[in-house]
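For the numbers below, each heavy atom of this structure counts, side chains included, while hydrogens, waters and symmetry mates do not. What you see is a predicted model, and the numbers here were worked out from it, not measured in a lab.
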Amino acid sequence: QVQLVESGGGSVQAGGSLRLSCAVSGYTYSSYCMAWFRQAPGKEREGVAVIYVGGGRSYYADSVKGRFTISQDNAKNTLYLLMNSLKPEDTAMYYCAHNAGGLCTVAGTPRPGLYKFWGQGTQVTVSS
């Protein structure tokens with residue numbers, strides 16, 4: 001089992017920045033992916049960013065490319081999402097997720113069903 005706890009959400013004006021954190025504990029896999037998803041009211045959960053732990057690659061949705069950065073601190077067992085130049089359309093509940101060593105994406109897109117472990121979410125609200 002893997003436990004994930006997000007923090008760092010909040011309210012910010014458009015153009016501002018936030019850094020989300022996800023504390024990871026439990027079983028350690030040798031090779032896996034971690035991702036940030038988000039879900040706005042009435043919309044499907046979408047993958048925002050993925051990091052291939054042990055592989056050094058990352059993926060970003062087109063909507064956040066150039067503004068968001070996913071990273072991890074192995075010493076602190078923490079995943080981060082740095083969000084710059086925030087827009088009102090970034091408003092959503094943000095979740096971190098762990099894929100337990102399986103596929104990270106399908107057809108180049110992270111799918112919620114590929115990720116086995118989830119945090120409880122942290123709300124991000126961007127006002128115009």
[X] and [Y]: which non-hydrogen atoms are nearest, and at how many Å?
X   : Y    : answer
R67 : L86  : NH1-CA, 3.8 Å
V24 : V2   : CG1-CG1, 3.9 Å
N84 : S17  : OD1-OG, 2.8 Å
V50 : A35  : CG2-CB, 3.8 Å
Q13 : V126 : C-CG1, 4.0 Å
A14 : S128 : CB-CA, 4.3 Å

Aromatic ring pairing H98/Y29, orientation class (parallel under 30°, perpendicular over 60°, tilted between):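 Taking Y29 first and then H98, their aromatic rings sit tilted (interplane angle of 30° to 60°).
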If you measure from [atom1] on [X] to [atom2] on [Y], what distance do you get to the nearest 0.5 Å?
X   : Y   : atom1 : atom2 : value
W36 : M83 : CH2   : CE    : 8.0 Å
L79 : Q72 : CG    : CD    : 7.0 Å
F68 : S63 : CZ    : OG    : 7.5 Å
M93 : E6  : CE    : CD    : 9.0 Å
N99 : C33 : CG    : SG    : 5.0 Å
C96 : I51 : SG    : CD1   : 12.5 Å

Tell me whether R19 forms a cation-pi arrangement with Y80, defined as NZ or CZ under 6.0 Å from the six-membered ring centre and within 45 degrees of its axis. yes
Given F117 and Q3, is the side-chain contact (heavy atoms from CB on, under 4.5 Å) satisfied, shown in steps? CA-CA 7 Å; F117 303 110; Q3 293 78 43; over 6 Å; no
Under 4.5 Å between any side-chain heavy atoms of [X] and [Y], yes or no?
X    : Y    : value
L18  : V124 : yes
L4   : Y95  : no
T105 : Y52  : yes
T91  : Q123 : yes

Carefully, step by step, assess Y115 and C104 under the rule side-chain contact (heavy atoms from CB on, under 4.5 Å). CA-CA 8 Å; Y115 290 78; C104 303; 3.9 Å; yes
Tell me whether the count of non-hydrogen atoms from other residues, nucleotides or ligands lying under 6.0 Å of CD in Q120 goes above 12.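 Atom CD in Q120 is crowded, with more than 12 foreign heavy atoms closer than 6.0 Å.
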Does atom NZ of K65 have more than 12 heavy-atom neighbours from other groups under 6.0 Å away?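 For K65, atom NZ is crowded (more than 12 foreign heavy atoms under 6.0 Å).
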Salt-bridge present (D90, K87; N to O < 4.0 Å):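 Between K87 and D90 there is no salt bridge, as every charged N stays at least 4.0 Å from the carboxylate O atoms.
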When the ring centroid of F37 is compared with that of W118, is the distance short of 6.0 Å? yes
Y94 reachable from L82 in the ILVMFWY side-chain graph, under 4.5 Å edges: no
